[in-house]
Amino acid sequence: MAAALIRTRDLARTYQFGDTEVRALDGVTIEVGTGEFVAVMGPSGSGKSTFMNVLGCLDRPSRGEYFLDGHAVAALADDALAAFRNRYIGFVFQNFNLLPRTSALENVELPLIYAGIAARERRLRAAEMIAKVGLAARAHHQPAQLSGGQQQRVAIARALVTRPRLILADEPTGALDSRTSLEIMALLQELNHAGMTVVIVTHETDIARFARRVLRFRDGRIVADEANDPLDAARMFAEEPAHA
């Protein structure tokens with residue numbers, strides 16, 4: 001395995017509901033190497049979404065350690081954690097989370113505003129990322145003028161614009177049809193082949209088959225850690241009949 005980008009040890013997250021304690025994560029120890037493509041699977045309530053939230057620095061563990069690129073992120077203060085998250089992690093969500101009255105280009109720029117990047121540099125980097133995902137001709141379209149697949153491409157460009165070390169994708173194909181899902185998985189595989197570390201949460205076995213490694217969660221624990229010979233999404237997309 002390549003040098004670990006993600007390393008957790010005895011990671012736990014508990015929630016208190018009245019007198020009831022729920023263990024969403026229960027002693028997760030794992031390493032993910034730089035440049036891996038990992039799918040995280042499990043039934044509802046298995047802990048996979050909580051695991052993603054902790055990896056994304058959106059939630060803090062109740063116990064254990066989490067190192068991202070060698071940094072003990074759980075120990076960071078809130079402001080430092082937010083800055084670290086913006087610098088190191090790009091997020092892709094099922095429902096795109098684009099601002100509706102804002103152009104694709106302006107949506108991609110948004111993380112750079114939070115990072116304090118000057119306007120000219122923001123615009124250049126956003127345009128570069130829009131072109132990278134094949135949407136240069138639609139940079140000034142609003143989300144409602146784009147298809148679901150195009151909106152997800154904008155979301156991926158937004159995730160990339162801060163030049164992160166890690167892409168976290170939460171059900172990135174959940175709102176898309178099968179052909180568009182292949183298109184998005186082909187793009188994620190392309191990014192991974194270029195060296196980007198990608199972790200996706202999915203409930204779809206067909207989507208997990210595009211990853212190189214599959215983690216299966218149940219009751220807050222990893223119950224299987226499987227190597228995978230990934231399918232080639234770009235080839236399958238090319239062979240898939242276009243919609244009439």
Side-chain angles (χ1 to χ4, degrees), residues 2-17 21-40 42 46-99 107-118 121-122 125-126 129 155-172 188 191 195-201 215 217 220-222:
L5 179 67
I6 293 168
R7 182 163 56 89
T8 74
R9 185 169 61 187
D10 195 30
L11 203 66
R13 183 67 174 97
T14 59
Y15 298 95
Q16 198 72 33
F17 298 97
E21 182 180 83
V22 176
R23 295 183 181 182
L25 292 179
D26 189 12
V28 174
T29 297
I30 195 72
E31 289 190 3
V32 175
T34 299
E36 284 203 81
F37 191 147
V38 180
V40 179
S46 64
K48 64 184 186 298
S49 294
T50 302
F51 180 64
M52 180 71 85
N53 286 340
V54 171
L55 291 189
C57 304
L58 300 171
D59 197 3
R60 294 179 184 271
S62 304
R63 186 187 76 238
E65 297 178 303
Y66 169 33
F67 294 88
L68 179 57
D69 198 27
H71 299 272
V73 293
L76 296 175
D78 288 347
D79 288 350
L81 187 64
F84 186 89
R85 182 171 60 239
N86 185 267
R87 177 183 175 190
Y88 277 84
I89 305 169
F91 294 94
V92 180
F93 300 99
Q94 176 177 346
N95 294 319
F96 320 135
N97 288 7
L98 302 177
L99 298 179
N107 267 285
V108 174
E109 279 188 79
L110 197 59
L112 300 179
I113 295 175
Y114 297 146
I117 304 299
E121 176 70 9
R122 289 200 309 264
R125 284 170 59 173
M129 288 302 107
I156 291 171
R158 181 183 58 193
L160 293 171
V161 77
T162 58
R163 299 168 182 165
R165 298 291 309 278
L166 171 66
I167 293 292
L168 295 179
D170 188 2
E171 301 282 3
L188 290 174
L191 294 170
M196 178 67 68
T197 306
V198 180
V199 178
I200 67 169
V201 163
L215 303 179
F217 274 74
R221 295 176 176 270
I222 295 175

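Bear in mind that the values here come from a model prediction, so they are computed numbers and not experimental data. Positions are given from 1 along the sequence. Computed over heavy atoms, backbone and side chain alike; hydrogens, waters and symmetry mates excluded.
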Kindly indicate whether the side chain of [X], heavy atoms from C-beta on, has any atom under 4.5 Å from the side chain of [Y].
X      : Y      : result
Arg63  : Asp10  : yes
Val38  : Val198 : no
Leu188 : Ile156 : yes
Val32  : Leu5   : no
Val161 : Arg122 : no
Ile6   : Leu68  : yes
His71  : Leu76  : no
Glu171 : Asn95  : no

Can you see which heavy atom on [X] is nearest to which on [Y], and at what distance?
X      : Y      : value
Ile117 : Arg125 : CD1-NH1, 4.2 Å
Met196 : Leu166 : SD-N, 4.0 Å
Ala126 : Glu109 : CB-CG, 3.5 Å
Ser46  : Phe217 : CB-O, 3.4 Å
Pro164 : Gly90  : CB-N, 3.6 Å
Cys57  : Ile89  : SG-CD1, 4.0 Å

Main chain of [Y], side chain of [X]: is a donor-acceptor contact present, judged purely on distance under 3.5 Å?
X      : Y      : value
Asn107 : Leu99  : yes
Arg13  : Gly47  : no
Thr162 : Asn86  : yes
Tyr66  : Val73  : no
Thr8   : Val28  : yes
Thr34  : Ala3   : yes
Glu121 : Ala118 : no

* **Neighbour count above 12 (heavy atom, 6.0 Å) for Tyr114 OH** => no
* **From CA spacing to verdict: side chain to side chain donor-acceptor pair (under 3.5 Å), Arg9, Thr29** => CA-CA 4 Å; Arg9 185 169 61 187; Thr29 297; over 6 Å; no
Roughly how far, to the nearest 0.5 Å, is [atom2] of [Y] from [atom1] of [X]?
X      : Y      : atom1 : atom2 : result
Leu191 : Thr197 : CG    : OG1   : 11.0 Å
Arg7   : Glu65  : CZ    : CD    : 7.0 Å
Thr50  : Leu58  : OG1   : CG    : 11.5 Å
Ile200 : Asp170 : CD1   : CG    : 10.0 Å

* Apply the test salt bridge (Lys or Arg N to Asp or Glu O under 4.0 Å) to residues Asp78 and Arg60: give CA-CA distance (whole Å), side-chain angles for both, the deciding distance (0.1 Å), then the verdict. => CA-CA 10 Å; Asp78 288 347; Arg60 294 179 184 271; 2.9 Å; yes
* Asked: Among Val201, Val199, Ile30, whose side chain to side chain contact (heavy atoms under 4.5 Å, CB included) with Leu215 holds?
  ->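 Looking at Val201, Val199, Ile30, the match for Leu215 under the side chain to side chain contact (heavy atoms under 4.5 Å, CB included) is Ile30.
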* Asked: Using 30° and 60° as the class limits, which term best fits the ring planes of Phe91 and Phe93: parallel, tilted or perpendicular?
  ->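 Plane angle under 30°, so parallel.
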